[in-house]
Amino acid sequence: MTARVGVITFPGTLDDRDTQRAVRIAGLEPVPLWHRDKDLQQVDAVVLPGGFSYGDYLRAGAISRFSPVMEKVIEGAREGMPVLGICNGFQVLTETHLLPGAMLRNNHLHFICRDQKLRVENAETAWTSDYEVGQEISVPLKNIDGRYVADERTLDMLEAEGRVAFRYVDVNPNGSLRDIAGITNEAGNVVGLMPHPEHAVEPLVGTGRTDGLGFFTSILKKLVSV
Amino acid sequence: MARVVVDVMLKPEILDPQGQAVQRALPRLGFEGIADVRQGKRFELEVEGPVDEAALARIHEMAETFLANTVIEDFTVKVDGEAR
Amino acid sequence: MARVVVDVMLKPEILDPQGQAVQRALPRLGFEGIADVRQGKRFELEVEGPVDEAALARIHEMAETFLANTVIEDFTVKVDGEAR
Amino acid sequence: MTLDTVKHAGETPDTDQPWAELGLKPDEYERIREILGRRPTGAELAMYSVMWSEHCSYKSSKVHLRQFGEKVPANDAMLVGIGENAGVVDVGQGYAVTFKVESHNHPSYIEPYQGAATGIGGIVRDILAMGARPVAVMDPLRFGAADHPDTKRVLPGVVAGIGGYGNCLGLPNIGGEVVFDACYQGNPLVNALCVGVMKHEDIHLAKASGAGNKVILYGARTGGDGIGGVSVLASETFDSTGPAKRPAVQVGDPFQEKLLIECTLEIFREDLVDGIQDLGGAGLSCATSELASAGSGGMRVELDTVPLRDSSLSPEEILMSESQERMCAVVEPGKVERFMEICEKWDVIATVIGEVTDGERLEIFWHGEQIVDVPPRTVAHEGPVYERPYARPDWQDALQADDANKLPRPATAEELRAQVLKVVASPNQASKSWITDQYDRFVQGNTILSQPEDSGMVRIDEETNLGVAVATDGNGRYTKLDPYTGAQLALAESYRNVAASGARPLAISNCLNFGSPEDPAVMWQFAEATRGLADGCLELGTPVTGGNVSLYNQTGETAIHPTPVVAVLGVIDDVERRTPIAFAEEGQLLYLLGDTAEELGGSAWSQVIHDHLGGLPPKVDLGREKLLGEILISASRDGMADAAHDLSDGGLIQALVESCLRGGKGARIVVPDGMDPFVFLFSESAGRALVSVPRSEELRFTDMCGARGLPATRVGVVDGEEIAIQGQFSIPLAELREAHEATIPALLV
Ligand SMILES: Nc1ncnc2c1ncn2[C@@H]1O[C@H](COP(=O)(O)OP(=O)(O)O)[C@@H](O)[C@H]1O
Ligand SMILES: [Mg+2]
């Protein structure tokens, strides 16, 4: 029996089917969850995929955070359930304050789609244990509201506690403070990042790299070994 | 230095998807009694020198030709008093 | 029905590339003398019923929890008189 | 104002009506009166005027477009042909693919962001209406001079609009074109293409049948935007004053459209609709009359039931409104409840607005009174048809006599080198990544190839690796020099691009962008181009499955270059066998396929170095194109080529630079004996491609070319960090990259 990973679809979510595919490729069972669901169907972990939920109107992630399913996600996250927010999912996690800071319009004001190099800064979270600290990976990045900001104190705290999970390497594609591409909560079960690991799991499509598979194999190991 | 504010709103007959999305979300969040929401842009301009009629006329022109697309948007210009 | 306006602006210490882009474009278009531009959002709410203190308090809460993200934004609420 | 009912119209035959303001001609108005046996009501007049506009009725182009149906090549792949929302082709394994390209030119000039955004929205709904899941978009674009100040307004807005809408829908953008030319200054061309995939049994058609079946309008509420958009924006020149008292530009809501897509696909999955039609130009007028016209029986609509955004709209305005993100479905009564449930699930508003009747009329009611009573075919399918006069313009001879082959050429190797750098850095030849990086090319996780590859390719079956490839091309300069040949060159190039990626070309869609049909010279260009395209498709064996015509692209007396944009769709059985353009393997051999003649008319070189347009375009040999295609496809399938790039504008040097930069590897090139190095590098002879062949495959590859009679010349080897043309010059890759990539950002930021 393998572990079950819930993949939430909000209205306007785009990468839900891609995320389910990545989960499947890693050997996990994807469980589609709907934004109106009031329970999580006993999944072992949850991914909030990318997209433009509610059109990203108002602010990216601002409306989705009030979806019924998010109450359960917040509850679960506080109890230690692994939660991964990718792109729009990361934006939702900051709007719910499960992760600190906020996402703003890219400093160049354009949507940007590129193959982005990242450095793994924390390989102890639920979603990064298959990587090594300092390892560089390349995964697609695509967003218009990808600029991570937080006040200095929060940034210092994140650094001091080792909670910056990923940093942009070579190019900071959006003006994120301190090149932050992804962060984790204190317990390491909640991780959010702007780039898209689920689009780097097959050699044939996208950029042709599989550097993103580690997210899903990390969670597989964690869930199946406990 | 004085501050001039230019508000740019979609014309009333033009679809405002953002405002609609906000309005539709409100009841779910427990806020009732809002019949309509329109979302627009607010520009705060810090103007060097006096904000006299000539300056306002120029800002008006700027709003008309650049800050707003008057095919779909209306705008208003107003002086906001001393900038903080 | 009365109109209440909520203005949401990025906090002063947060970089506002949209405002900056506008400001940078102005001289090219022949508009000089604008020292700074900040771009924010304006929400026009049509409120059913009286806009009394209770209503304003609710709108304030709505702005604080929803219309603005106070990690990065400031907001103001004001009554705009009768809606057209 | 009293309501202009059918009864009232019958009683007041002499009432003055604003038919001229609505763009109708006197004889057209007369014909409406004849059809109805009375004067039309205001609502009927509104419907006829939008549906008989150039944009909806194709009244000037119809007589020429007929050739696409008449000269049909033998090809059993076509499942649905011209006439539906989009054509459908069989790609095997039970899959069907639908694709179409459309224009949104004029709105994009007025409001670049929204004009382009709603262009994507419109074409996506066409594809959806066929029953397919949209899987990719492309955007062939043309702007005025790169350094013109207005280009700085139009281009970034258009690109942001295409990205803003397409990215939000989750559709990968897998290709397109960006061309600059002063002729498009006041008339940018914003064409948009969408591809969709379904199983054969899921194909849906736009027809209403079965008396008692319900007509359901679903999606966005109807507002006052875009009224008169069709007739004013798409049919008339800008200076004419149209009827637009309401804004003629629409604002798109991609979020609503995303919901509409998912909701509609779920409705298809449960087999709940009989007929379906998207609402595009001419809104409800178009949807109701087309559904009724294509089906059996009539239709009755209660206009009061249409959900409105603005309660002050008149019935005429409701019928003409082009509010975006709406669809119209015909549903059996027993399935209505489930239909509504699915709409509710997706937060999509759905309303029964009428039903199919056993009569023959389209009847529309407002406040209980009848305001429309028409035979639907006369609105939708039997509009006016013009045999517009056409004549070869008197300047054509002089233009062709102004031979580009006689222009001064570089005298030294150093000058040749400088011109190479200048051409690859020119706006039309420069890298477009500043633009294409604003588009999501990864979403849906099936993108095999995307810009800057020769074609965009997506996988459509994860188990079997079946895929489709699409390329779009058009060259207004060639077409201006010779419209017949120019259209065929566009076809040939697009065909070649698909084949170079390893896919087998199957079918064509096209978007014909021209000036005013009332100008006999433009009409001649149009007639020649359609004839060229139809003949070409017949010869290549690839049927035209659909397309779009955009006329009146002109400012005053000056028309744009005639610009037919041709999209070719191909199929590839195993996407793992695709051929990319990157020269990445050191030591591989570079083969030039095809013949190089001295052909510089309309070339990039003549434009960049001499600002010249004259002479004849390159010759077309479609038999040769077909052979080249077969070789490229075989090479891909049998692993004989690791990379291939078609040769087109900019000639060999342009292809070489692109492939080397993409792979990060240089090349050493030898000019073949007896060939002039300048002609070798810059000629734009058609029917050519550059291929990177592993040494182990060389013999097999050359044998294949030899056996089939395709000239294959070994011209060099992948090697080093520079492009070196033996005996001439060399340029480091870094210098080429700088030249190629810096141009567009510098123009626009
Ligand atoms: N507006 C655009 N949108 C998406 N892709 C584009 C656009 N413009 C150009 N491209 C892509 O850039 C690449 C180079 O374009 P082009 O030089 O026109 O190709 P070709 O000459 O081979 O037809 C192609 O992959 C094309 O699809
Ligand atoms: Mg090509």
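Numbered from 1 within each chain, the chains take letters A, B, ... in sequence-line order.
Remark: B:Glu46 does not engage C:Arg38 in a salt bridge, criterion side-chain N to carboxylate O under 4.0 Å. With respect to C:Glu44 and C:Arg3, a salt bridge is recorded, a charged nitrogen being found less than 4.0 Å from a carboxylate O.
If you measure heavy-atom distances from C:Gln18 to chain B, you find no contacts under 4.5 Å at all. For C:Phe43, the parts lying under 4.5 angstrom from a heavy atom of chain B are both the backbone and the side chain. For C:Leu29, the part sitting under 4.5 Å from any heavy atom of chain B is the side chain, from C-beta outward, and nothing else. For B:Ala55, no part sits under 4.5 Å from any heavy atom of chain C, backbone or side chain.
With hydrogens and angles disregarded, a donor-acceptor distance shorter than 3.5 Å links the side chain of B:Arg58 to the backbone of C:Glu32.
With chain B as partner, the option from C:Val37, C:Val6, C:Leu67, C:Val8 having the largest number of non-hydrogen pairs under 4.5 angstrom is C:Val37. Here C:Asp7 is the residue among C:Leu45, C:Asp7, C:Val47 with the most heavy-atom pairs under 4.5 Å with chain B.
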*Could you walk me through whether C:Gln23 and C:Asp36 pass the side-chain contact (heavy atoms from CB on, under 4.5 Å) test, one step at a time?*
CA-CA 6 Å; C:Gln23 196 204 346; C:Asp36 191 24; 4.0 Å; yes
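By the neighbour-count criterion of 12 heavy atoms within 6.0 Å, atom CD of C:Glu13 is densely surrounded, having more than that number from other residues, nucleotides or ligands.
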